[in-house]
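We count residues from 1, following the sequence as given.
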Amino acid sequence: MERRTNRREKECDDKCHNAEDGEQSLNCKTALVTLNVGGYLYITQKQTLSKYPDSYLEGVVNRKIFCPIDADGHYFIDRDGLLFRHVLNFLRNGELLLPEGFQENQLLAQEADFFKLKALNEAVKSRWEKEQQAARETTFLEITDNHDRSQGLRIFCNAPDFISKIKARIILVSKSRLDGFPEEFCISSNVIQFKYFIKSENGTRLVLKEDNTFVCTLETLKFEAIMMALKCGFRLLTSLDCSKGSIVQSDALHFIK
């Protein structure tokens, strides 16, 4: 059964064959290809799909492998259309870049196998192994308060994702504009150091996200960190001193998960 080409693909083929040698090579590489993957349409360049020789996609665009077409003349591939986004990005970027919290490593590895992309398969497995190792490791959280504006509040966690959650909860508001988390408080991916708190001066204030009328102080920032730790499944190890009055008044709090 011969593959029908749509008008756009036929025009691209004609350009490839009718151009001078140098121009012909360029036209062929930059020719646009439309893929229908599980009902999702993707448009990319032929050279992107040809990046890995002997892969399924390289074989399809160079007509080494038969691929059915849809009613519009696009290549139809009966695979997971949503996951193909990550396959295509890997071909474009040369590295595996996945969104935070991605949980479909095994499915993506299966897609890599189908498309005969060994490099992608290895990258997925490496990522999965690192996640498994991290899951087996104990996560520590330390909140230290010197009760001094010059020293401020220090939050340390050996899991960068918790620090990211803290940063996502707190924003800087400047003249009715949301500026995000103030980078001057970031020491590293594991440490935040609030050396001072921002009062409502000159229209600038540090607030809790989704409640930009609530101005933060070191105590409220500390309380937010404690509540977020408990919600994330951390257990408090520190013995509380009743003379301090409340958990917020403690000098140092240690959590584990």
Side-chain angles (χ1 to χ4, degrees), residues 97-105 127-257:
L97 301 172
L98 296 173
E100 182 179 350
F102 182 81
Q103 298 293 327
E104 298 183 305
N105 292 310
R127 180 182 188 274
W128 184 79
E129 289 172 357
K130 289 179 180 178
E131 288 182 348
Q132 292 298 305
Q133 182 178 355
R136 290 191 294 268
E137 294 177 351
T138 302
T139 304
F140 298 97
L141 170 63
E142 179 184 63
I143 302 175
T144 309
D145 186 358
N146 293 299
H147 303 288
D148 183 341
R149 178 171 176 169
S150 63
Q151 297 297 322
L153 178 70
R154 183 178 184 271
I155 301 174
F156 164 81
C157 186
N158 62 341
D161 62 325
F162 180 79
I163 297 297
S164 296
K165 289 179 181 179
I166 293 288
K167 292 170 63 176
R169 180 75 175 112
I170 300 165
I171 56 176
L172 181 68
V173 176
S174 176
K175 296 181 180 179
S176 301
R177 187 180 73 248
L178 301 182
D179 292 335
F181 186 85
E183 290 303 316
E184 63 263 31
F185 296 137
C186 295
I187 305 302
S188 70
S189 61
N190 299 105
V191 178
I192 295 176
Q193 179 81 42
F194 295 102
K195 295 184 179 180
Y196 56 88
F197 61 92
I198 300 177
K199 293 183 177 179
S200 183
E201 297 173 352
N202 298 322
T204 301
R205 59 191 185 276
L206 196 64
V207 302
L208 300 180
K209 192 174 183 180
E210 299 173 357
D211 187 5
N212 60 12
T213 61
F214 190 89
V215 181
C216 292
T217 65
L218 290 179
E219 283 193 353
T220 58
L221 291 172
K222 185 177 182 180
F223 181 76
E224 281 298 313
I226 293 171
M227 294 304 296
M228 189 171 293
L230 296 176
K231 289 178 181 178
C232 290
F234 282 92
R235 292 186 296 109
L236 179 63
L237 296 180
T238 306
S239 297
L240 299 179
D241 185 353
C242 295
S243 65
K244 292 290 185 180
S246 71
I247 188 173
V248 177
Q249 300 301 320
S250 298
D251 297 330
L253 297 170
H254 297 87
F255 299 80
I256 193 173
K257 183 169 70 169

From Leu153 CG over to Lys222 NZ, what is the distance, rounded to the nearest 0.5 angstrom? 7.0 Å

Working for side chain to side chain contact (heavy atoms under 4.5 Å, CB included), residues Phe255 and Cys157: CA-CA 9 Å; Phe255 299 80; Cys157 186; over 6 Å; no

Paired with Ile143, the side-chain contact (heavy atoms from CB on, under 4.5 Å) test is passed by just one of Val248, Ile226, Leu221, namely Ile226

Give the minimum heavy-atom separation between Ala229 and Leu141, together with the two atoms involved. CB-CD2, 3.4 Å

Could you tell me the separation between the NE2 atom of His254 and the CZ atom of Phe156, rounded to the nearest 0.5 Å? 10.0 Å

Any chance you could measure Ile247, atom CD1, to Met227, atom CE, to the nearest 0.5 Å? 9.5 Å

For Asn105 and Glu131, run side chain to side chain contact (heavy atoms under 4.5 Å, CB included): C-alpha distance rounded to whole Å, both residues' side-chain angles, the deciding distance at 0.1 Å, then the answer. CA-CA 10 Å; Asn105 292 310; Glu131 288 182 348; 3.0 Å; yes

Checking Lys257 side chain against Cys232 main chain: does a donor-acceptor pair fall under 3.5 Å? yes

Rounded distance [0.5 Å steps], CD1 in Ile192 versus CZ in Phe185: 9.5 Å

Heavy-atom closest pair (Asn190 atom, Ala159 atom, distance to 0.1 Å) is ND2-N, 4.0 Å

Parallel, tilted or perpendicular, judged at 30° and 60°: which one describes the rings of Phe162 and Phe234? perpendicular

Around Phe181, counting heavy atoms of other residues, nucleotides and ligands shown, do more than 12 lie under 6.0 Å from its CZ? yes

dist Arg154:CZ -> Asp145:CG (nearest 0.5 Å) comes out at 13.0 Å

Side chain to side chain contact (heavy atoms under 4.5 Å, CB included) between Ile163 and Val191: does it pass, once the steps are laid out? CA-CA 7 Å; Ile163 297 297; Val191 178; over 6 Å; no

In Å and rounded to the nearest 0.5 Å, what is the NZ to CZ distance from Lys130 to Arg127? 10.0 Å

